[in-house]
Novice: 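Structure provided below as structure tokens; questions to follow.
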Amino acid sequence: MSTNRIPGSFDISGPVVDGDYVSEKMDTAYERAYVNIRFFDDNGDDVAPGAGTVVVQASPDGVNFYSVLNGSFNAADAYLSTRSTPYFEGPAVSIRVTLAGVTVATGFRATAQRY
């Protein structure tokens with residue numbers, strides 16, 4: 001499920017199951033974006049995944065998705081201070097988060113902060 005929180009901020013959230021999650025259409029007036037991700041347990045508390053992968057991609061047309069800088073990482077590293085945040089420049093109408101084999105967490109929220 002995607003929701004618009006504040007201007008320039010776009011969320012994707014859902015259960016942690018293998019597959020692709022695509023944001024609603026984003027405003028293309030922004031030039032850049034950082035994408036942050038949080039994982040949750042059944043109680044809605046933050047939890048660090050035990051394993052799995054996360055891939056973040058951006059799309060200029062809503063059909064074709066492309067790699068973003070730092071967009072692929074181990075889910076277990078999601079909260080490491082040394083992990084670089086996924087980042088992209090240029091027009092994008094949506095982002096896609098792909099989860100594979102993520103353990104421990106039961107839910108997630110990825111936020112694209114456009115500026």
Side-chain angles (χ1 to χ4, degrees):
M1 168 185 264
S2 299
T3 59
N4 234 356
R5 294 179 344 152
I6 58 174
S9 179
F10 300 86
D11 286 347
I12 301 172
S13 61
V16 172
V17 294
D18 290 356
D20 298 332
Y21 297 85
V22 179
S23 71
E24 293 179 9
K25 186 174 181 181
M26 297 187 298
D27 186 344
T28 58
Y30 301 97
E31 297 178 15
R32 299 171 181 87
Y34 285 99
V35 181
N36 295 300
I37 190 162
R38 292 174 63 191
F39 290 94
F40 306 99
D41 63 15
D42 287 334
N43 296 320
D45 296 323
D46 284 286
V47 65
T53 59
V54 177
V55 176
V56 177
Q57 298 175 303
S59 175
D61 59 13
V63 176
N64 299 294
F65 286 85
Y66 300 97
S67 299
V68 303
L69 188 63
N70 308 313
S72 181
F73 56 94
N74 292 322
D77 297 339
Y79 297 130
L80 286 181
S81 61
T82 55
R83 184 183 64 81
S84 297
T85 303
Y87 171 83
F88 64 91
E89 293 184 2
V93 297
S94 59
I95 60 168
R96 177 170 66 192
V97 174
T98 303
L99 303 177
V102 176
T103 62
V104 180
T106 57
F108 82 99
R109 181 171 59 240
T111 302
Q113 183 59 56
R114 304 295 310 267
Y115 64 100

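Values reported hereafter were calculated over all heavy atoms of this structure, with side chains retained and with hydrogens, waters and symmetry mates removed. The chain is numbered in sequence order, starting from 1. Given the structure is predicted, the values throughout are model-derived calculations rather than measurements.
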Novice: Is the side chain of Arg83 donor-acceptor paired with the backbone N or O of Ala78 at a distance under 3.5 Å, no angle test?
Specialist: yes

Novice: Please evaluate residues Phe39 and Val16 with respect to the criterion side chain to side chain contact (heavy atoms under 4.5 Å, CB included), reporting the C-alpha separation (whole Å), side-chain torsions for both, the decisive distance (0.1 Å), and the verdict.
Specialist: CA-CA 8 Å; Phe39 290 94; Val16 172; 4.1 Å; yes

Novice: Report yes if some heavy atom in the side chain of Phe73 is under 4.5 Å from a heavy atom in the side chain of Ile37; otherwise report no.
Specialist: yes

Novice: When you measure from the side chain of Asn43 to the backbone of Asp45, do you find a donor-acceptor pair of N or O atoms at a distance under 3.5 Å?
Specialist: no

Novice: Can you tell me how far the CG atom of Leu99 sits from the OG1 atom of Thr53, to the nearest 0.5 Å?
Specialist: 8.0 Å

Novice: How long is the span from the CZ atom in Phe10 to the CD atom in Gln113, to the nearest 0.5 Å?
Specialist: 9.0 Å

Novice: Might you point out which heavy atoms bring Val93 and Asp61 nearest each other, and give the distance in Å?
Specialist: CG2-C, 3.5 Å

Novice: For residues Val104 and Gly50, report the shortest heavy-atom separation together with the two atoms involved.
Specialist: CG2-N, 3.5 Å

Novice: Quick check against the 3.5 Å criterion: does Asp77 have a side-chain atom that pairs as donor or acceptor with the backbone of Leu80?
Specialist: no

Novice: If I take atom CG from residue Asp27 and atom OG from residue Ser9, how far apart are they, to the nearest 0.5 angstrom?
Specialist: 12.5 Å

Novice: Which heavy-atom pair separates Ala92 from Thr28 by the least distance, and what is that distance?
Specialist: O-CG2, 3.8 Å

Novice: If you look at every heavy atom in Ala110 and Val97, which pair is closest and at what distance?
Specialist: CB-CG2, 3.8 Å

Novice: Classify the side-chain pair Thr98/Asp20 by whether it contains a donor and acceptor separated by less than 3.5 Å.
Specialist: yes

Novice: Can you check whether Ile95 reaches Met26 side chain to side chain, under 4.5 Å on heavy atoms?
Specialist: yes

Novice: Once you measure the plane-to-plane angle for Tyr87 and Tyr115, does it fall in the parallel (<30°), tilted (30-60°) or perpendicular (>60°) bin?
Specialist: tilted

Novice: Check the pair Arg96, Phe65 against side chain to side chain contact (heavy atoms under 4.5 Å, CB included), reporting the backbone distance first and the verdict last.
Specialist: CA-CA 7 Å; Arg96 177 170 66 192; Phe65 286 85; 3.3 Å; yes

Novice: Got a donor-acceptor contact below 3.5 angstrom from the Ser94 side chain to the Ser59 backbone?
Specialist: no

Novice: Does a salt bridge link Asp46 with Arg38, judged by any charged N lying under 4.0 Å from a carboxylate O?
Specialist: yes

Novice: When rounded to the nearest 0.5 angstrom, what distance separates CZ in Phe88 from CG in Asn70?
Specialist: 13.0 Å

Novice: Mind checking whether Val55 and Val17 sit in one hydrophobic cluster, side chains of I, L, V, M, F, W, Y counted as touching below 4.5 Å?
Specialist: no

Novice: Does the ring center of Phe108 lie less than 6.0 Å from the ring center of Tyr21?
Specialist: yes

Novice: Is there a side-chain contact between Val68 and Val35 in this structure, where contact means two heavy atoms from C-beta onward sitting under 4.5 Å apart?
Specialist: no

Novice: Between Ala51 and Ala76, what is the shortest heavy-atom contact and its length?
Specialist: N-CB, 4.3 Å

Novice: Indicate the atoms forming the closest heavy-atom contact of Thr106 with Asp41, along with that distance.
Specialist: OG1-C, 3.1 Å

Novice: Is the number of heavy atoms from other residues, nucleotides or ligands under 6.0 Å of Glu89 CD greater than 12?
Specialist: yes

Novice: Begin with the C-alpha distance, continue with both residues' side-chain angles, and end with the deciding distance and a verdict on side chain to side chain contact (heavy atoms under 4.5 Å, CB included) for Val22 and Ile12.
Specialist: CA-CA 7 Å; Val22 179; Ile12 301 172; 5.8 Å; no

Novice: Within the structure provided, determine whether Tyr30 and Pro91 are in side-chain contact (heavy-atom separation under 4.5 Å).
Specialist: no

Novice: Using modelled atom types and a 3.5 Å cut-off, is there a donor and acceptor pairing between side-chain atoms of Asp18 and backbone atoms of Gly101?
Specialist: yes

